[in-house]
Amino acid sequence: MKRYIFFLLLIYNFSINAETYKCELKNNQNIVFDRSGHSHFKKCIDKICDENIYSIIHLDEKFLIFGNMNRQNEMQSNYFQIFIINKETQSFLDTKIKLPKIKNIKNDNETLIGNCFIVD
């Protein structure tokens, strides 16, 4: 029985949920996304991590899309943020979309682009 459990532990891939992406922006800023669980990522900019948790929206062989769209009530924020990583072209898009305010219709959305690759 001990051999059977040991064998299962050897063949089980513990890194199945361990993904790390390092993204380099045009302004020489580095962003690192670490998978922190089954369906969430955390974001660190130049080794300073924020407290937000970004949920995976879509994942396939080509794209990884995640953001904080579903957590606006918890965060009490006036924007949501979406990250898109194209695994084939190793490109990165960070879009911050401000929610419209009733009194102020001005919309200052932000978009950052760069290169992104997976770190082993």
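In this structure Asp46 satisfies the salt bridge (charged side-chain N to carboxylate O under 4.0 Å, His left out) test with no other residue, sequence neighbours excluded. For Ile45, the side chain to side chain contact (heavy atoms under 4.5 Å, CB included) criterion is met by Gln29, Ile31, Lys43, not counting sequence neighbours. Evaluation of the side chain to side chain contact (heavy atoms under 4.5 Å, CB included) rule for Ile56 yields Arg35, Phe41, Leu59, Leu64, Phe66 as partners, not counting sequence neighbours. Taking Lys62 as the reference, Glu88 meet the salt bridge (charged side-chain N to carboxylate O under 4.0 Å, His left out) condition, with sequence neighbours excluded. Ser39 is linked by a side chain to side chain contact (heavy atoms under 4.5 Å, CB included) to nothing, counting only residues two or more places apart in sequence or in another chain. With sequence neighbours left out, the side chain to side chain donor-acceptor pair (under 3.5 Å) criterion links Thr111 to no other residue.
Rounding to the nearest 0.5 Å gives a distance of 10.5 Å between SG of Cys116 and CG of Asp94. Distance check, rounded to the nearest 0.5 Å: CD1 of Ile113 to SG of Cys23 gives 12.5 Å. Distance check, rounded to the nearest 0.5 Å: CG of Asn68 to OH of Tyr54 gives 5.5 Å. Rounded to the nearest 0.5 Å, atoms SG (Cys44) and CG (Asp50) are 7.5 Å apart.
Looking at His40 and Ser55, their side chains come closer than 4.5 Å, going by heavy atoms from C-beta outward. Side-chain contact between Gln81 and Thr95 is absent, with no heavy-atom pair separated by less than 4.5 Å. Using a 4.5 Å cut-off on side-chain heavy atoms (C-beta onward), Tyr21 and Gln90 make no contact. For the pair His58 and Phe63, the minimum side-chain heavy-atom distance is below 4.5 Å. For the pair Asn109/Lys98, a side-chain contact is recorded, criterion being any heavy-atom separation below 4.5 Å from C-beta on. Put simply, the side chain of Asn30 reaches to within 4.5 Å of the side chain of Glu24, judged on heavy atoms.
If you chain together hydrophobic residues whose side chains sit under 4.5 Å apart, Ile85 and Val32 never meet in one group.
Ring-centre distance between Phe83 and Phe33: below the 6.0 Å cut-off.
The two residues Ile82 and Ile65 have their closest heavy-atom pair at CG2-CG2, 3.9 Å. Ile57 approaches Gly67 most closely through the heavy-atom pair CD1-N, 3.9 Å.
Around NZ of Lys42, the count of heavy atoms belonging to other residues, nucleotides or ligands within 6.0 Å does not exceed 12. Shown here is Asp60, whose CG atom has more than 12 heavy atoms of other residues, nucleotides or ligands within 6.0 Å.
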